[in-house]
Every structure is written in structure tokens, then in C-alpha cells.
Amino acid sequence: MKKSGWFVGVGVALTLVLTACQTPGAAESGLLRSDYDHHVKPQDDLFQFANGGWLRSTKIPSDRTKYGAFDILTDRAQADLKRIIAKSQAQDGKVGSEDQKIGDFYASFMDTKRRDGLGAKPLTDGFGRIDQISSASGLAQYFGETAVTAGSSPIQLSVDQDAKDAARYIPQIAQGGITLPDRQYYLGSDPKFAAARDQLRGYIDRTLGLAGVSADRASERIFAIENRLAQAQWDEAQTRDILASYNKFTPGQANAKTPGLDWNSYLSAAGVHADSFIVGQPSFFTALGSVVTSVPLDDWKLYLKFRLVDDYAPLLSQPFVTANFEFHSRDLGGQEKIRPAWERGVSVVDGALGDLLGKRYVKQRFSPTAKRRIDRLVHELIDTYRASIDGLDWMSPATKVEAKKKLDTLAIKIGYPMTWKDYSGLKVTSTDLIGNMERSATLDHQRDLDKLGKPVDRSEWFMTPQTVNAYYNPPMNEIVFPAAILQPPFFDAKVDNAVNYGGIGAVIGHEISHGFDDQGRKYDATGNLRDWWTAEDAQRF
């Protein structure tokens, strides 16, 4: 089940190139002077002085489109996970054990001989299900079925906290259904967008040909559907507006608002039993209902087959893998070479069995001493932020009280979750990669459905410990720092605090600030979407 995207991660917003010094016999400052550019005075250009040496000596690998501190740490984490998987494989665990699941999931990806021999056969059942669709209600039902296995459709489903009642969960619906990165690629006149549209048409023909799907004007018909969806989609600025994106409907109200879309069939097929849900972009779904009823069903089936092929292409035989890489990563992303198979395999296992790997990663990479020190550092920065609120000359005393209340209740999660996800019900075999992926997605989907009607689990994490990132989650009013970002060059328990403030301190401050940015400020201390600002302060903000 796709998450709705409410939390804000640090991503690649920071480009720090600090690294830990390991000078034997000396106090560890945390600075690696070999990265400096001594031809530049720090007072003239501090960035170039601190990073110039590293920038000159470091090249972007051919299988990347960027390279910096985040990527360096991600490489290290990937190597750690590869060793963890290898150890699980060496255990020869009994069927159903954690080691067996980890090892066999990875083996099912790495068995390229078997995948090449199967070709497009893993798509047969999916194609058959699409061929059975015979009505608009059947189309909505299929959209719901794809939500169970994390497949693509114009409707994206998640279960998250209700933004106006953060103590309860509610289903959330968001727009989807296009292959290119966003609507501008379909509508923009820039030559790069026109080229991307041509590349998409070529990719559609190429992948359908590999899958044995033959139809007259296939790419034109599929592109026409995606183009209509893109025209109806909200742009990034609209989608980011949390007030505009909060629209609560009952299934009956949604049916009335979006003629042509059978929400009862969709929700039933997705296993959702709720009296209401949040629709992020109502006008998109009104338009989608029109597209459902006006586009011939055969065109929809062709579109869905392409989306199915695109979803599974990285997991199929080499021709599919190559086609998928050349379109998505090379043509659209500028990546020259595909990542090694072992890295892609590790990513697949990490995505499916993240907490099983996470438990093992934490034991290797995150000590109790590091956890205690980073906890102190976070609280010191929160105290500084609190003092900065006191010092604001434009904010009224009433709003300051509410702001500090939000800061005082800010939850802090460091390193790893207190409770790990349960994978005991997941069947994994070394000879069924597609089945492993679908069963894993179904387990995740059911895990989310099980939240409905239950108290909000404020201990839940939405990143694994081995993820090099961090996030602020408005409905939880929490900041979260996985173990993998709490490593050099961002954080080192052995070095001077000044360097840690410049590294992980910048990340921590970044995440705290999201609670008070243009969207995060709209949530109160309890995580509810509520205006706690005076009108004058909001205007001054």
C-alpha cells in the first residue's frame, strides 16, 4: 500500500561533505583536512575551502546521477546489508525462519537464469485478470485489486492518520496513473518534455512487444489515456496544499461526486471497510470517472497491461530489465549504467523485509553510546529552537505559547523502532520472485488495513533503520532519525561536538523546522490540522 506522502524527509537537501578524521594517537576533531582546498581562503569562499579537495578528487559513478554524503552512506549501508544477507544464506535456516526468508528472497532475485527462462510468463495471470474486465464497475474493482499487491492504477490508496482527528486512522485516496514523472511532462512545450513523450511511446511499444501483446496503435491509445489523466491531475503546488487536499467523503458522496467511478467496487476489492475516506484531489477523480466511461474498455485493458509490464519489468528477464532501465533511468534520469545486480537485489529484499534486515543492521552499526549522545544533541537543539521562538519580535505572546507547546510535545525517535514488524505469515521461496513480491505487498497492505478502527500506534516508524534519511511527521508531531544517517560524516560519537552540530545538527534543525514551515505550521501540538495562529501572526509569517 502506498503511503500518502505527508511526512517530509531531509532527502538530498543537504550537501555536506564532512568526514571523520582517524589520526592515530590524536584527539579526533572530526575534520578531514585532505578534503580542503588550501588555494582558497575560508573568508573568501567557505564552501570551496571546506569541500574543494573532495570535489576535485571525486567523480560521479556511471551508475549514478549524483554523488555526495547521502550516497556515500547509502553505499556503506548497501554493503552492510549484502553481508547480512550473505550471513543469512550461510545459516541454511529452516523453512519459515527469518534467515530462510532473507536468503531465499535474495536468491529468487539473483537467479537470473531462471528469470530469463521464464520471460513474460509471470505476467500471464495478470493479463488474464485484465481480459476478464467487462464493465466500468469491473474496472474499478481491478483498480482496487492492484492496491492489494502495490500495483499501478489511477487510484493510490493508503491508510494514515486523519489530519483533523489525529487519534484515528482513515483510508486516504490520491491521484496516480501516469508513467512520466509528473503532469508537466505531458503538457509542457519544452523540447525535453516532447522528447520524453516520444521516448514513452517507444518504451510502450518495446515492452508490450516483449510481453507478446499486439494491438493496433497501442502506444497512441495508451498515451491518450495517460495524457487525459495528466490534464486532470493537480500540480505539485496544489497537491502540497494540505488544506485543499483534505476532503472527506462517504462512499455514497464519492459516487455522486465522481460519476463513472464505482467506489463500492473499488473499496471492496481493496479490502477497505470504512464509513468515510479522504480524497486528496476531488477534481481529478471527477475527471477520472469521465475517462472511465468515455474511453473504450479495450483501450483501458491495453493501458492496464502496459502498467502491469512496467511494474514488473525490473523483476523479469534481461530484455525487460534493460528496456526498463534505458527508459526510466537513462532516458529520463540521465544514468549511464545500471546498478550491479547485487545492489538491485539488496534493494528488493530491503523493500520487502526491511525490519528483518534492520534488526541485524542496528546491532552492527548503532551502539547504545551513540544513541545516548545523539539524544542529548537533539534536545540541545530543541532548547535552542525554543529560545529562538522567545526571541521573535514579530510573533505575539499567544502564538508563542502554542508554538512552544508544539515544540514541547515533539516526539523524538532515534536509531530504530522499539517494536519490529512481524513477517511470520509471509511465505518466501527461492524460485518465485514475483510471488514473493506480491505476497510481501499483500502482507503490508493487510498490516495497514488492520489499523482501521484501532488506536493510532505512535511507536510506528515509516523508514527502516538502514535508510539514509530523516523525516518530520506532522500528524505524529515527531522527528525521526534512522541509524544509517547517524554515521560519519553526519554523526560520530567519537568526535568533537562542533562537527556533529555542523553535520547531523543541520539535519536535526532541518526536520524541526518542518513543524513550523508553510505546511507543517498548520498542525497543532496534538497533530491535528488546526489554525493556532493569530491572524496578524499568520500574515507576518
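Residue numbers start at 1 and run along the sequence shown. Keep in mind that what you see is a predicted model, and the values were worked out from it rather than measured.
For Tyr303 and Phe223, the ring centers sit 6.0 Å or farther from each other. Proximity of the aromatic rings of Phe277 and Trp263 is defined here by a centroid distance below 6.0 angstrom, and this criterion is met. For Tyr471 and His514, the ring centers are positioned 6.0 Å apart or more.
Residues passing the side chain to side chain donor-acceptor pair (under 3.5 Å) test with Lys359 are Glu98, sequence neighbours excluded. Partners of Leu315 by side-chain contact (heavy atoms from CB on, under 4.5 Å), not counting sequence neighbours, listed by chain and number: Phe109, Tyr312, Val348, Leu433, Ile434, Met437. Under the rule for a side-chain contact (heavy atoms from CB on, under 4.5 Å), the partners of Ala196 that lie at least two apart in sequence or sit in another chain are Leu180, Tyr185, Gln199, Leu332.
Although no hydrogens or angles enter the test, the distance criterion places no donor-acceptor pair under 3.5 Å between the side chain of Asp92 and the main chain of Gln89. Under the 3.5 Å distance criterion, the side-chain polar atoms of Lys101 are matched with a main-chain donor or acceptor of Ser424. In this structure, the side chain of Gln519 engages the main chain of Ile242 through a donor-acceptor pair within 3.5 Å. Side-chain N or O atoms of Gln446 include none that pairs as donor or acceptor with a backbone N or O of Leu443 at under 3.5 Å. Within the 3.5 Å criterion, the main-chain N or O of Gln100 finds no donor-acceptor partner in the side chain of Gln91. Remark: side-chain polar atoms of Tyr169 are paired, donor with acceptor, to backbone N or O of Asp457 under 3.5 angstrom.
Among Asp99, Asp80, Asp350, the one residue that satisfies the salt bridge (Lys or Arg N to Asp or Glu O under 4.0 Å) test with Arg360 is Asp99.
The shortest side-chain heavy-atom distance between Leu353 and Leu426 falls under the 4.5 Å cut-off.
Ion pair Arg183/Glu236 not flagged as a salt bridge, since none of the NZ, NE, NH1 or NH2 atoms sits closer than 4.0 Å to an Asp/Glu carboxylate oxygen. A salt bridge links Lys248 with Asp162; the closest basic N to acidic carboxylate O contact falls under 4.0 Å.
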